[in-house]
> 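Attaching a single structure in structure tokens format; questions to follow.
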Number of protein chains: 2
Amino acid sequence: MENRVSGALESYLEQIADLQKIHGAVRTSDLAERMGCKRSSVTNALQRLSEKGLINYQSYRPVTLTAEGKKTIAALSRYHGILADFLENILAFPEEFAQQEACQLEHRVSPCTIERMRVYLEFVAGKDGDSGQNTVTSQFNDFIKSKKELP
Amino acid sequence: MENRVSGALESYLEQIADLQKIHGAVRTSDLAERMGCKRSSVTNALQRLSEKGLINYQSYRPVTLTAEGKKTIAALSRYHGILADFLENILAFPEEFAQQEACQLEHRVSPCTIERMRVYLEFVAGKDGDSGQNTVTSQFNDFIKSKKELP
DNA sequence: TAATATTGTTAGGTAAAGCTAATTTTCAAG
DNA sequence: CTTGAAAATTAGCTTTACCTAACAATATTA
């Protein structure tokens, strides 16, 4: 068995963590709804996550995260945050799109590149200083608008 | 049959185009070498690419691209260029890494985000003007170095 | 040109991630 | 405390993308 976790399984894991926060227990049907798949596919995913030691799972019993699972989620959630920040504050996407896109990218962009995006965010924050006005981001926003105004 | 082309098939297609440019003919073994897989997997991929109408393929005959295949490659190659440019000139990665990473990302980042990266590149180019000196990129390079110097 | 080496394909297998349909467990009401 | 509905699981199938081993076609070269 390949021990690395695929993007699909990572997503399940995140939804599990989120549902746990909200509802305490994690139900197969809720997961299916969130993942946009059938309950049977969820069961299958839970079994594989369990084999990989990321969740505690027994048939018909409530699912919980292992320490390993929590660690995985912590990393993912950090990646998500950096990517969403980058998309919103560097590339000037609206927050909602940034969040959506970050959900995809957190499984697909290398840690190295994500880390570099974090450094770039720091760099730009430093350039903008405490001014608040006329930041690089707002300049870029204007730039985008100026492009759209002349089609 | 799902008519969309997966990331894996897209990669085969690109390697085919590249080999065609270099060697004229495209050999299964060369493709296998490039893709880091076995010859039998290549045959399988060629059959699927052919079913999707992206290449002309018959057993033991040289492979060629269809018009549709060429169009797909043109789009991909454009994405690759933008991503590599962004990685090298915004995120200040060395060219080789930028190229490698772009190969992965071109199949994974949404066209919308890639397009926005292109606009950002334009924006920064505009800011830097013709100066050449003290560009945003070179400032960021210095910033990275300054971070590394104090561990 | 015939023998051999290389290259390409087929057949059959695995794992991931989904599906439907059938079955089993749990739970809520009567 | 039984029973029927809802929820979860199992069984069996699909596709993608890989694998090995066996076989077929093409090339090389003696």
Side-chain angles (χ1 to χ4, degrees), chain A residues 1-16 19-20 22-65 69 72 76 103-104 106-108, chain B residues 1-16 19-20 22-65 69 72 76 103-104 106-108:
Chain A
M1 194 222 344
E2 169 62 78
N3 205 56
R4 224 194 105 257
V5 194
S6 72
L9 286 193
E10 283 179 350
S11 297
Y12 278 103
L13 211 55
E14 288 182 291
Q15 298 301 334
I16 290 169
L19 285 170
Q20 199 154 55
I22 300 174
H23 295 115
V26 176
R27 305 174 63 234
T28 300
S29 339
D30 295 342
L31 264 174
E33 164 130 26
R34 294 264 192 128
M35 296 295 298
C37 71
K38 298 291 162 167
R39 294 199 299 277
S40 57
S41 307
V42 172
T43 300
N44 180 276
L46 293 178
Q47 287 164 347
R48 282 179 300 129
L49 280 170
S50 163
E51 275 166 21
K52 286 172 202 291
L54 297 165
I55 63 173
N56 303 114
Y57 171 72
Q58 287 168 193
S59 288
Y60 301 103
R61 298 283 137 238
V63 169
T64 56
L65 296 163
T72 302
L76 276 173
C103 285
Q104 308 299 313
E106 69 192 6
H107 311 292
R108 312 201 188 314
Chain B
M1 190 222 343
E2 170 61 81
N3 204 54
R4 227 195 102 256
V5 194
S6 72
L9 286 193
E10 283 179 351
S11 297
Y12 278 102
L13 209 57
E14 288 182 292
Q15 296 303 333
I16 289 168
L19 284 169
Q20 199 155 55
I22 300 174
H23 295 115
V26 176
R27 304 173 66 233
T28 300
S29 342
D30 294 342
L31 264 174
E33 163 129 27
R34 293 263 192 130
M35 296 294 299
C37 72
K38 298 293 162 163
R39 294 196 302 275
S40 55
S41 308
V42 172
T43 299
N44 181 274
L46 293 178
Q47 286 164 349
R48 283 181 298 129
L49 280 171
S50 163
E51 275 166 20
K52 285 173 204 290
L54 297 164
I55 62 172
N56 303 113
Y57 170 72
Q58 289 170 191
S59 289
Y60 301 104
R61 298 283 137 238
V63 170
T64 56
L65 295 163
T72 301
L76 276 172
C103 286
Q104 308 299 313
E106 67 191 9
H107 310 293
R108 310 201 188 316

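Naming convention: chains lettered A, B, ... in sequence-line order (proteins, then strands); numbering from 1 in each chain.
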> Measure the distance from NE2 on A/His23 to P on D/dA7 and round it to the nearest whole Å.
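In whole Å, D/dA7 P and A/His23 NE2 are 13 Å from each other.
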> Can you tell me how far the CD1 atom of B/Ile55 sits from the CD1 atom of B/Ile16, to the nearest 0.5 Å?
4.5 Å
> Classify B/Gln47 by what it touches in the nucleic acid, base, sugar-phosphate, or nothing, heavy-atom distance under 4.0 Å.
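Sugar-phosphate only.
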> Would you indicate whether A/Gln47, at its atom CD, is surrounded by more than 12 heavy atoms from other residues, nucleotides or ligands within a distance under 6.0 Å?
yes
> Looking only at side-chain N and O atoms, does A/Thr43 come under 4.0 Å of OP1 or OP2 in D/dT9?
yes
> Rounded to the nearest 0.5 Å, what's the gap from OG on B/Ser29 to CZ on B/Arg27? Could you check?
4.5 Å
> Classify A/Ser40 by what it touches in the nucleic acid, base, sugar-phosphate, or nothing, heavy-atom distance under 4.0 Å.
base
> Please check the phosphate of D/dT10 (OP1 and OP2 only) for any side-chain N or O of A/Arg39 closer than 4.0 Å.
no
> Please determine, for the side chain of A/Arg27, which listed nucleotide (D/dT10, D/dA8, D/dT26) has the closest atom?
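Given the options D/dT10, D/dA8, D/dT26, the side chain of A/Arg27 is closest to D/dA8.
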> Let me know the distance between CZ of A/Arg61 and P of D/dT9, rounded to the nearest Å.
10 Å
> Please round to the nearest 0.5 Å and tell me the distance separating atom NE2 of A/His107 and atom CD of A/Glu10.
5.5 Å
> So do A/Thr64 and A/Gln20 actually touch side chain to side chain, heavy atoms under 4.5 Å?
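Yes; the side chains approach each other to less than 4.5 Å.
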> May I ask you to say what B/Ser41 touches in the nucleic acid, namely base, sugar-phosphate or nothing, with a heavy-atom cut-off under 4.0 Å?
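Counting heavy atoms under 4.0 Å across all strands, the contact made by B/Ser41 includes a base.
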> Out of curiosity, B/Leu46 CG to B/Arg39 CZ, how far, rounded to the nearest 0.5 Å?
13.0 Å
> Is the phosphate of D/dT16, meaning OP1 or OP2, less than 4.0 Å from a side-chain N or O of B/Ser6?
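Answer is no, no contact under 4.0 Å.
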> Judged by each residue's nearest nucleotide on DNA chain D, which is more toward the 5′ side, B/Gly36 or A/Leu46?
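In this pair, the answer is A/Leu46.
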> Answer yes or no: does a side-chain N or O of B/Tyr12 lie under 4.0 Å from OP1 or OP2 of D/dC18?
yes
> D/dA27, OP1 or OP2 - any side-chain N/O from B/Tyr60 closer than 4.0 Å?
no
> Reading DNA chain C in the 5' to 3' direction, which nucleotide is the first one with an atom under 4.0 Å from a heavy atom of chain B, and which is the last?
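First and last nucleotides in contact are C/dT7 to C/dT10.
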